[in-house]
Amino acid sequence: MAKKASKRVYVFDTTLRDGEQSPGASMNLTEKLEVARALESLGVDIIEAGFPITSPDDFDAVRAISREVRRPVVAGLARCVAKDIDRAAEALRDARKSRIHVFLGTSPIHRKHQLRKSKRQVLQMSIESVERAKAATHDVQFSPMDATRTEPDFLIQVVEAVIDAGATTVNIPDTVGWAMPDEFGRLIGRLFENVPNISKAVIAVHCHDDLGLAVANTLAAIKAGARQAECTINGIGERAGNAAMEEIVMAMKTRPDDFQDCWTNIRTGHLYAASRLVSRVTGLAVARNKAVVGENAFAHESGIHADGYLKERTTFEIMDPKAVGVARSKLVLGKHSGRHQFRRRLKELGFRLSPEQIDRLFFGPFKELADRKKEIFDEDIEAIVESEIVAVPETWRLCGIQVATGTGGMPTATVELHEEGKAEPVRDAATGDGPVDAIFRVMERITGVGLRLKDYQIRAVTSGKEAQGEVRLEAIYGKQTVSGRGVSTDVLEASAKAYLSAINRALNRAGRTKRAGRPKAAAKRKKAKSGKAKRSSR
Ligand code: KIV
Ligand code: ZN
């Protein structure tokens with residue numbers, strides 16, 4: 001049996017080639033360069049930058065990336081066709097380290113239906129193409145496409161022949177996601193046992209995810225001796241995608257015991273940022289529950305899990321979020337959260353409440369809200385506490401509102417507000433894109449508080465003709481999110497109340513942070529509450 005390679009596993013990223021083949025994922029040159037730079041910082045060994053023959057854009061991208069990145073090898077894809085190989089060589093000319101990656105279908109299905117070639121012809125084309133590529137660059141990779149559906153003996157013959165022809169890497173692709181992990185591991189093992197010159201090349205694998213096994217197959221191949229993993233960020237790629245880099249790398253890093261200490265050069269702390277970048281430029285969202293980089297990958301909601309996590313992180317976390325570049329784990333509050341979690345979050349938000357108050361809030365408004373809303377954010381908690389226990393001081397109070405609107409006209413709102421401590425109310429008017437916009441604009445003008453609306457929702461809270469409308473909104477104030485709620489039988493008045501409550505909340509927060517930090521804020525709020533009581537009894 002041939003000697004297996006060292007423990008170093010090379011990472012070959014094909015986000016810019018196979019990844020870009022994901023339906024709907026095309027990237028422009030600027031975006032490709034941005035991704036290439038991110039891959040370089042990540043420590044990727046080989047960047048497959050494109051398939052130069054396919055379009056002038058692909059050619060330009062491979063050439064630009066070749067000129068831009070310095071440390072990784074830049075690879076360009078080519079069919080076993082002379083003009084493809086020559087075009088790839090031209091695109092890679094300025095690369096510090098270049099690789100031509102030639103591929104050819106070897107399975108009976110591909111030979112018969114796609115190529116209409118015999119085994120002998122396929123073997124001959126493979127050898128000639130590797131030799132042609134070798135004349136342009138010493139680093140040549142060959143892929144027998146659909147290797148997992150190729151007769152193993154023929155595959156062994158092809159691998160041996162292309163290594164003899166000069167291939168420095170031979171990639172075994174599971175092109176259609178057909179393989180099972182144990183079977184794929186055995187296939188790689190069989191190559192190591194039967195290809196006499198195998199130690200002269202690096203054996204790579206390239207797995208597709210049609211049955212959700214791309215990462216499992218890649219890992220099985222590594223255990224069997226493969227030393228180059230082909231993958232993409234977020235697992236994007238043809239059809240169901242490729243093996244996800246972040247999952248392969250973190251599996252090896254988290255379980256060195258199971259991988260005989262095999263390692264990659266990936267700076268895992270950059271994985272999350274790379275994932276966000278690729279998602280942004282391709283427009284392909286990352287599923288919340290995606291392993292390693294999904295929104296929920298380090299989020300705990302259930303009471304038991306959160307409780308365990310709070311006692312000792314490793315009870316429910318096998319990776320430290322910082323290891324992949326996520327600042328910290330997230331304790332999500334929702335309907336599965338326990339009282340302990342709720343109490344802890346209140347404390348973090350600066351509220352010092354008695355056990356009775358916490359129980360009242362937890363079993364009352366918190367549970368009610370959790371039934372209606374999947375995730376409860378800090379702003380929701382603040383709104384609950386502020387409406388139930390410590391009212392937000394009403395720096396500004398709504399005295400009156402009048403709105404003129406109609407088809408063709410310019411919606412105009414006149415609003416009268418009273419500022420706490422001032423003798424006279426202030427009245428002003430503004431126009432807007434619609435009546436609600438006009439109301440918000442005039443309120444901003446009077447109070448001098450500018451908010452950026454993030455979310456606005458309106459719903460009926462009672463039924464029938466006299467139904468009350470409830471407006472809930474979220475807005476950005478500086479770097480914070482503030483929420484507002486208003487109820488009225490008139491939805492425009494409800495909108496005005498909601499916006500004004502967000503303004504008051506923003507002013508209160510600004511005051512709170514300017515004062516002495518969160519713990520003292522609760523005391524201030526209590527004081528504010530008694531101030532409010534006094535005002536309303538006037
Ligand atoms: O899936 C595949 O077989 C490929 C080859 C070009 C390696 O993408
Ligand atoms: Zn592929």
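Whatever order the structure lists them in is the order used to number ligands and atoms, beginning at 1. Only this structure's heavy atoms are used, side chains among them; waters, hydrogens and symmetry mates stay out. For reference, positions follow the sequence shown, starting with 1. Bear in mind that the values here come from a model prediction, so they are computed numbers and not experimental data.
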Enumerate the protein residues lying less than 4.0 Å from ligand 1, judged by heavy-atom distances, in chain and residue-number order. Arg17, Asp18, His101, Phe103, Ser143, Met145, Asn171, Pro173, Thr175, His206, His208
Within less than 2.8 Å of the Zn ion (ligand 2), the count of protein N, O or S atoms comes to 3
Any salt bridge between Asp58 and Arg17, counting N to O under 4.0 Å? no
Could you tell me whether the side chains of Gln141 and Glu48 share a donor-acceptor contact shorter than 3.5 Å? no
Go through the side-chain N and O atoms of Ser66 and Asp94 and say whether any donor and acceptor fall under 3.5 Å apart. no
Once the angle between the rings of His305 and Phe316 is folded into 0 to 90°, is it parallel (under 30°), tilted (30 to 60°) or perpendicular (over 60°)? parallel
Is any side-chain N of the basic residue among Lys7 and Asp261 closer than 4.0 Å to the acidic one's carboxylate O? no
According to the interplanar angle, ranging from 0 to 90°, do the rings of Phe342 and Phe366 count as parallel (below 30°), tilted (30 to 60°) or perpendicular (above 60°)? tilted
Asp455 and Arg472 ion-paired at < 4.0 Å: no
Considering residues, nucleotides and ligands other than Lys134, do more than 12 of their heavy atoms fall under 6.0 Å from its NZ? yes
Please determine, by modelled atom types, if Thr168 and His138 share a side-chain donor-acceptor pair under 3.5 angstrom. no
